[in-house]
Amino acid sequence: MKKHSREWFDALVIAAIFATILRIFVVESYRIPTGSMEQTLLAGDFLFVNKYVYGAKVPFTDFRLPAADTVDRGDIIVFKFPKDRSLNYIKRCVAISGDLLEIRDRQLFVNGKSVALPEHAQFIGQKMPPGAADFQIFPRFSTFNKDNYGPLRIPAKGDVVELNARTYQLYGALIADEGHDISISGDQVYIDGVPKRQYTVEDNYYFAMGDNRDNSLDSRYWGFLPERDILGEAMLVYWSWDPDRSLFLDPAGKLSSIRWQRTGMTVH
């Protein structure tokens, strides 16, 4: 009896280790908490995220495993929110390192070419005219808004950017996030206490937007997405139900809200 108990215990330990390795390096489950990706993804969708494809990060280190593919325009990605890395966000990558991005009257342009709106994307708010500045928009003190944005180049590793009072709002947070102390006095920018007129970017960056364009806290509001914060690519929905119904207070209503038609739906 003891022998069989030990065998079961060993099997459970091995299964737990194997499941942990899969979760860290291959596939992880993710729940959609908000409507920022509607109608592509719905609040209450549960999906599998491919962590292997972009090179999974080894826990407690800055080392990443070799990637099977690169992040491309149009990929739906899960990443650590750069302003609070305890939170995971999901958005669509609309521009990659080195791209020139612009939004004109809600139409997205990348490198001068118009980009079609994703199949299930939507606008639910009032359109803002060009030049109507929004204080919430990145970078601060620009004339950009959610519907008229840029043009803006997405930084790439090795880019040399000019530093002055005008570009401080654009690159200040990026430079600080790359591990430097940055400050400004008048038109002079200081990095690690040394006056600088230029800075060489150390990482690749991306621009992410939600498919629910008027209800998405995305790169238009907080800036560039560092490559090191990207966790993986959304794969498929394996479960979906109404997140506003309580399983404990309204079990019948919760179970009746299961969206069976979304089970197994691939994400694109």
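I96 and I90 sit in two unconnected hydrophobic clusters of ILVMFWY residues. Membership requires side-chain heavy atoms under 4.5 Å apart, directly or through other members. Following chains of ILVMFWY side-chain contacts shorter than 4.5 Å, one can reach W222 starting from L174, so the two form part of one hydrophobic cluster. V49 and L42 are not part of a single hydrophobic cluster, where members link through side-chain heavy atoms under 4.5 Å apart. When hydrophobic clusters are built by joining Ile, Leu, Val, Met, Phe, Trp and Tyr residues whose side-chain heavy atoms come closer than 4.5 Å, directly or via intermediates, Y54 is grouped together with F81. Taken together through direct or relayed side-chain contacts under 4.5 Å among Ile, Leu, Val, Met, Phe, Trp and Tyr, I76 and F46 form parts of separate hydrophobic clusters.
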Item to check | From CA spacing to verdict: side-chain contact (heavy atoms from CB on, under 4.5 Å), Y190, S185 | outcome: CA-CA 8 Å; Y190 294 84; S185 178; 4.0 Å; yes
Checklist entry - Run the salt bridge (Lys or Arg N to Asp or Glu O under 4.0 Å) check on D147 and R104 step by step: do they pass? => result CA-CA 7 Å; D147 297 319; R104 299 198 298 263; over 6 Å; no
Next on the checklist: Using the rule given for side-chain contact (heavy atoms from CB on, under 4.5 Å), can you reason through I124 versus N215, listing the C-alpha separation, both sets of side-chain angles and the distance that settles it, and then say yes or no?
Outcome noted: CA-CA 8 Å; I124 60 174; N215 186 29; 4.0 Å; yes
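Taken from CD in E202 to CD in E178, the straight-line distance is 4.5 Å, to the nearest 0.5 Å. Note: M37 CE to Y89 OH = 14.0 Å, rounded to the nearest 0.5 Å. Between the CG atom of L41 and the CD1 atom of I32 there is a distance of 4.5 Å, given to the nearest 0.5 Å. One finds the CD1 atom of I184 at 7.5 Å from the CG atom of N164 (value rounded to the nearest 0.5 Å). Considering CZ of F123 and CG of L117, their distance stands at 5.0 Å, rounded to 0.5 Å. To the nearest 0.5 Å, the span separating CD1 on I258 from OG1 on T263 amounts to 8.0 Å.
Here D218 does not pair with K91 in a salt bridge; the nearest charged N to carboxylate O distance is not below 4.0 Å. Between D45 and R262 there is a salt bridge, with a side-chain nitrogen of the basic residue lying less than 4.0 Å from a carboxylate oxygen of the acidic one. A salt bridge links K146 with D214: the closest approach of a Lys/Arg side-chain nitrogen to an acidic carboxylate oxygen falls below 4.0 angstrom. Ion pairing of D187 with R166 is absent here, as no side-chain N (NZ or NE/NH1/NH2) approaches a carboxylate O to less than 4.0 Å.
In this structure, N204 and S97 approach most closely via the heavy-atom pair CB-OG, 3.1 Å. Residues L100 and P151 approach most closely at CD1-CB, 4.1 Å, considering heavy atoms. Residue A68 comes nearest to Y52 through the heavy atom pair CB-CE2, 3.6 Å, listed as atom of the first residue, atom of the second, then distance. Between S142 and A133, the closest heavy-atom pair is O-CB, 3.5 Å. Across every non-hydrogen atom of I77 and I230, the tightest pair is CD1-CD1, 4.3 Å. Across all their heavy atoms, V267 and A234 have their closest contact at CG1-CB, 3.8 Å.
With hydrogens and angles disregarded, a donor-acceptor distance shorter than 3.5 Å links the side chain of S219 to the backbone of A208. The backbone N or O of T40 sits nowhere less than 3.5 Å from a side-chain atom of E119 that would complete a donor-acceptor pair. Between the side chain of S216 and the backbone N or O of R213 there is no donor-acceptor pair closer than 3.5 Å. Checked by atom type and distance alone, the side chain of R73 never pairs as donor or acceptor with a backbone atom of V110 at under 3.5 Å. In terms of modelled atom types and a separation under 3.5 Å, the side chain of N145 and the main chain of A132 share a donor-acceptor contact. Remark: side-chain polar atoms of T200 are not paired, donor with acceptor, to backbone N or O of V160 under 3.5 angstrom. Looking at T143, its side chain never comes within 3.5 Å of a backbone N or O of G131 through a donor-acceptor pair. Judged by distance alone, with hydrogens and angles left aside, the side-chain atoms of D211 form no donor-acceptor pair with the main-chain N or O of E38 at under 3.5 Å. Between the K254 side chain and the S246 main chain, no donor and acceptor come within less than 3.5 Å of each other. A donor-acceptor pair under 3.5 Å links the side-chain atoms of R92 to the main chain of G74, judged by distance alone.
Heavy-atom neighbours of Q126 CD from other residues, nucleotides or ligands within 6.0 Å: at or below the threshold of 12.
Shown are D99, D75, L108; of these, the side chain to side chain contact (heavy atoms under 4.5 Å, CB included) with V94 is made only by L108. For the side chain to side chain contact (heavy atoms under 4.5 Å, CB included) with F224, the lone residue among L152, D177, V201 that qualifies is L152. When each of K83, R85, K80 is paired with D229, the salt bridge (charged side-chain N to carboxylate O under 4.0 Å, His left out) condition holds for R85 and for no other.
Between Y221 and F138, the ring centre distance reaches or exceeds 6.0 Å. Taking the six-membered ring where the residue is Trp, the centroids of W239 and W260 are separated by under 6.0 Å.
Under 3.5 Å, the side chains of E227 and Y206 contain a donor-acceptor pair of N or O atoms. For the residue pair S257 / D242, no side-chain donor-acceptor distance below 3.5 Å is found, with atom types taken as modelled. Using a 3.5 Å distance cut-off with no hydrogens or angles, the side chains of Q188 and R197 do pair a donor with an acceptor.
No side-chain heavy atom of K157 sits under 4.5 Å from any side-chain heavy atom of D203.
Ring geometry for F48 versus Y238: interplanar angle under 30°, hence parallel rather than tilted (30 to 60°).
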